[in-house]
Amino acid sequence: MDAGAIGTIVGLLGACLVALVLVLVARREAGLQRSRAEADVASIKDAARAMREDVERREKRLTEREQSAARDRAEIDELERRARVELEAAAEARRTSARVLEESERAAAARAAAAEREALAELESVTGVTADDARAELTRRLVEQAQNDAAAQVRRAEAQARRTADARARRIVTTAVQRLAVPTSTQSPLTVLALPTDEMKGRIIGKEGRNIRSFEALTGVNVLVDEQPDAVVLSCFDTERREVAQVTLEALMADGRIHPQRIEQAYAEALAGADERTDSAGHDAAERAGVSGLHPTLVRTLGRLRLRTSYGQNVLEHLVETAQLAATLAAEIGADVEITRRGAFLHDLGKALTAELPGTHAKLGADLARRHGESASIVNAIAAHHDEVPPETVEAVLVQVADAISASRPGARREELGQYVERIDKLEQLVAAHAGVRRALAMSAGREVRVIVEPSEVDDRALPQLAVAIARHIEADLAYPGEITVTVVREMRASATAG
């Protein structure tokens, strides 16, 4: 065998060794990635378990409070019954005393008339005062005594009203809360989709995870396929992204064809149907709240609130809940139920406009309602629900009360969610500010950022430098717990049509 053949064999052996080393390194990296993914899934499970236990504890406390309220209401009813019996007895005593007094007054009047006739002449001769002057003085004194008696009775009535007002107010509020048969309006960051068949989970994952990676990179939503049997979980604190991802995945499961190109097509269709979903959500919420005759612009603006949260509470669900509470309160005290219901349903309308126009959401909502034909009482209820203007009607005050009750229900709001979403938005904006970045997606609860760059502006050699620059920028300008992994993705595609 000549030297050339030996050199060729040696070269082939060296290439095989290099390939074997690369395979071992790739397997090691895959094992590390799998361990990291399993740890992430375990942490998410622990968080979900803690959230479920917290919900169960809050439900238990709510049940105990409802039982306590029922006992208080029974005691109040018994006190009211006793008070009615005592009032009836007092009324009977007053009627008896009035009859006795009337008879005494008639007898006294007869005696006084006789004495008056006898003393009149003597009085006039001694004092020099005529009968008319004496009668006028007597009338003045009687009127003064009657006024004093009336003032005393008014003071007693006011004191009685103050003693019973607090008890009645508690009874009315308790009744309204007990009649509200809706779940709490808190917004969950998870969406669970049931799978039509067992094999659908494999289609969603795709060959070597290609489909699920494409779906997550495109939508910015984490897909948890091992969280629940026969279901997949979409996890994201951005409600708009999660809704688009839900619509996209439902369309893919209904079609059955799942591959990167079909995922992009379904995602585009989901984005295009946002207006239709907005109108549908507005009409559905108005129907559940019992409000009709709304202007189409108001309906669409309300539908936009399905993606808005306030301290973790879904704003559109909060409006439906507030409308039902306000209607019950109005019925209890005899106010106008329809005006109260409508004002409560529209009171946070302006929250859909605060990102576009200057001003508070109460003022923006009142102006929008006025421009679209709502009555002056409805407009005042919207504008006054945060005391920016004084309430002009009792219905406006009831809107404030119902708003406070809905926001204070156990588990309805959590302040840390708003801070979390603000941090995620700031992270994405910070990354998107770099040149050549087309899209930035914060994933895994903010512990990972996937950066998609424009292939025409950033080449393959510049990817490592861009990833390092983004990481240094995050370290300098953002406060965050733990570590954040920056993944930069550059993909070049070419397509042609034959025909």
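Residue-environment remark: CD (E276) stays at or below the threshold of 12 foreign heavy atoms within 6.0 Å. The neighbour count for Q465 CD, taken as heavy atoms of other residues, nucleotides or ligands under 6.0 Å away, is above 12.
Across R342 and E374, no two heavy atoms sit closer than the pair NE-OE1, 2.8 Å. When all heavy atoms of A323 and A344 are compared, the closest pair comes out as CA-CB, 3.8 Å. Between V488 and A467, the shortest heavy-atom contact is CG2-CB, 3.7 Å.
Exactly one of I382, L302, T340 qualifies for a side chain to side chain contact (heavy atoms under 4.5 Å, CB included) with F345. That residue is L302. The residue from E53, K60, E59 that alone fulfils the side chain to side chain contact (heavy atoms under 4.5 Å, CB included) condition with R57 is E53.
Using a 3.5 Å distance cut-off with no hydrogens or angles, the side chains of R241 and T219 do not pair a donor with an acceptor. Of the N and O atoms on the side chains of Q261 and Q265, not one donor lies less than 3.5 Å from an acceptor on the other residue. Residues S377 and E395 bring no donor and acceptor atom of their side chains to less than 3.5 Å of each other.
Taking 4.5 Å as the limit, every side-chain heavy atom of I258 sits out of range of all side-chain heavy atoms of F215. Under the 4.5 Å side-chain criterion, counting only non-hydrogen atoms from C-beta, E457 is not in contact with V437.
Atom CD1 in I484 sits 11.5 Å away from atom CD1 in I470 (nearest 0.5 Å). Between the CZ atom in R306 and the CZ atom in R304 there is a gap of 10.0 Å [rounded to 0.5 Å]. Atoms NZ and CG, on K363 and L357 in that order, are 9.5 Å from each other to the nearest 0.5 Å. Note that CG of D255 is 11.5 Å distant from CE of M253, once rounded to the nearest 0.5 Å.
Sorted by first then second residue, the ring-ring contact (aromatic ring centres under 6.0 Å, His included) pairs that include residues 257-291, not counting sequence neighbours, number zero.
The backbone N or O of L234 sits nowhere less than 3.5 Å from a side-chain atom of Q246 that would complete a donor-acceptor pair. E428 contributes a side-chain N or O that, together with a main-chain N or O of A442, makes up a donor-acceptor pair within less than 3.5 Å.
Applying the ring-ring contact (aromatic ring centres under 6.0 Å, His included) rule to H386 yields the partners H361; only residues at least two apart in sequence or on another chain are considered. In this structure, R210 has no salt bridge (Lys or Arg N to Asp or Glu O under 4.0 Å) partners at least two apart in sequence or on a different chain. Scored by the salt bridge (Lys or Arg N to Asp or Glu O under 4.0 Å) test, R472 finds E475 as partners (sequence neighbours excluded). Listed by chain and number, the residues in a salt bridge (Lys or Arg N to Asp or Glu O under 4.0 Å) with R203 are E199 (sequence neighbours excluded). Not counting sequence neighbours, the partners of E264 by the side-chain hydrogen bond (donor to acceptor under 3.5 Å, both in side chains) test are R493.
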Test side-chain hydrogen bond (donor to acceptor under 3.5 Å, both in side chains) applied to Q33 and E29, step by step: CA-CA 6 Å; Q33 291 292 336; E29 290 295 327; 5.0 Å; no
